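What follows is a single structure, written as structure tokens, with notes after it.
Note that the structure is a prediction, hence the values are computed from the model and not measured.
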Amino acid sequence: MMFGQLTTSVVRMKWTGVNPFTLLLVACCGAICAQAGDLHIVITDGKQNGMGDVVVIATPLGAGAALPKPSAAPATMDQRNLEFVPHVLVVRTGTLVSFPNHDVVRHQVYSFSPAKAFQLPLYAGKIYPPLLFDKAGIVTIGCNIHDSMVGFIFVTDSPWFARSSAAGVADIAQLPAGEYAIELWHPRQSDPLARLRGKALVDASGVTSAQFTLPSLRAAPNNNPSKKWAY
């Protein structure tokens, strides 16, 4: 399925299942093309409400784009008001992630996920060194003391990624010219391992805009996250 659009136009797509499909977004630049462009993506539900915490990954196809060096800056998944903040964290493979506790109670953070299995003993405050997330995948985070606490760390090999805001907006800036595979993921989709897949052709300066409509999501469980959310 191919759509040729000006950079100011919007391509609207509806996700009707978990089967991958192909979407080609063409950014038109007029007579002169630069070496990079931006992706502006809006994700909504069936009622056109913006969807937050949607992971958007852009991965170059072929050998056209040189990958920038990984950032040395660590990431943080905080614990506040008996919640992980942010609920969904996206990091590049090789990133250090810290887990400070700003609650007045103690937490015991753990994960059974294949991409990163670990357990931090019961603690309060920031006392443990950050953990290295060196394998791509989805890491489900829980607390052994508070079963309702669930968070997710999406680890990707690509340096071009974003997490949608509460309004459903995700922006990825300055992608080198070339063709990219685009993946979307949300923690409460019907198939937790599925990825909405498409393609984007970035060949000019300017903005390529797209809108995705995702299906209804599962309700967040209230019982043990290790039984309902670990994958």
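You'll find the side chain of V105 stays beyond 4.5 Å of the side chain of I145, heavy atoms only. Between V169 and H40, the closest side-chain pair of non-hydrogen atoms falls below 4.5 Å. You'll find the side chain of T59 stays beyond 4.5 Å of the side chain of D157, heavy atoms only. No side-chain heavy atom of S158 sits less than 4.5 Å from a side-chain heavy atom of E183. At least one side-chain heavy atom of M77 sits under 4.5 Å from a side-chain heavy atom of I153. Between R188 and F152 there is no side-chain heavy-atom pair separated by less than 4.5 Å. Side-chain contact between L131 and L120 is present, with at least one heavy-atom pair separated by less than 4.5 Å.
Taken together through direct or relayed side-chain contacts under 4.5 Å among Ile, Leu, Val, Met, Phe, Trp and Tyr, L122 and F118 form parts of separate hydrophobic clusters. Residues F212 and L175 share a single hydrophobic cluster, defined by chaining ILVMFWY side chains whose heavy atoms lie under 4.5 Å apart. Clustering ILVMFWY residues whenever any of their side-chain heavy atoms sit less than 4.5 angstrom apart, transitively, puts V109 in the very cluster that holds V97. The same ILVMFWY cluster, assembled from side-chain heavy atoms under 4.5 Å apart, contains both I182 and I172.
Nearest heavy-atom pair across I41 and D171 is N-OD1, 4.5 Å. When all heavy atoms of N101 and A124 are compared, the closest pair comes out as ND2-CA, 3.5 Å. Scanning both residues, A136 and A115, for their nearest heavy atoms gives O-CB, 4.0 Å.
With sequence neighbours excluded, the residues that form a ring pair (Phe, Tyr, Trp, His ring centres under 6.0 Å) with H107 are H146. Annotation: side chain to side chain donor-acceptor pair (under 3.5 Å) contacts of D134 (sequence neighbours excluded): none. Applying the side-chain contact (heavy atoms from CB on, under 4.5 Å) criterion to P121, with sequence neighbours excluded, gives Y128. Looking at residues two or more places apart in sequence or on another chain, you find no salt bridge (charged side-chain N to carboxylate O under 4.0 Å, His left out) involving D103. With sequence neighbours excluded, the residues satisfying side-chain contact (heavy atoms from CB on, under 4.5 Å) with S98 are T76, P100, K126, P130. With sequence neighbours left out, F161 forms a ring pair (Phe, Tyr, Trp, His ring centres under 6.0 Å) with no residue at all. Partners of S111 according to the side chain to side chain donor-acceptor pair (under 3.5 Å) rule, which considers only residues two or more places apart in sequence or in another chain, are S113. Considering only residues two or more places apart in sequence or on other chains, Q119 meets the side chain to side chain donor-acceptor pair (under 3.5 Å) condition with N144. Residues meeting the side-chain contact (heavy atoms from CB on, under 4.5 Å) test with Q174, sequence neighbours left out: A36, D38. Among residues two or more places apart in sequence or in another chain, the side-chain contact (heavy atoms from CB on, under 4.5 Å) test is passed with A117 by none. Take F84 and apply the ring pair (Phe, Tyr, Trp, His ring centres under 6.0 Å) test, not counting sequence neighbours, and it matches no residue.
From W160, atom CH2 reaches atom CG of L39 across 11.5 Å, with rounding to the nearest 0.5 Å. Once rounded to the nearest 0.5 Å, the distance linking CG of L132 with OG1 of T95 reads 8.0 Å. A distance of 5.0 Å separates CD of Q48 from OG1 of T213, quoted to the nearest 0.5 Å. Rounding to the nearest 0.5 Å places OG1 of T44 at 4.5 Å from CD of Q211. Remark: M51 CE to Q189 CD distance equals 9.0 Å, nearest 0.5 Å. Taken to the nearest 0.5 Å, the CD1 atom of I141 stands 11.0 Å off from the CZ atom of F112.
Ring geometry, F99 versus F133: the interplanar angle falls from 30° to 60°, so the pair is classed tilted.
The salt bridge (charged side-chain N to carboxylate O under 4.0 Å, His left out) analysis of residues 47-60, with sequence neighbours excluded, yields the pairs D53-R163.
Looking only at distances, a side-chain donor or acceptor of T93 sits under 3.5 Å from a matching main-chain atom of T156. Judged by distance alone, with hydrogens and angles left aside, the side-chain atoms of H87 form a donor-acceptor pair with the main-chain N or O of V150 at under 3.5 Å.
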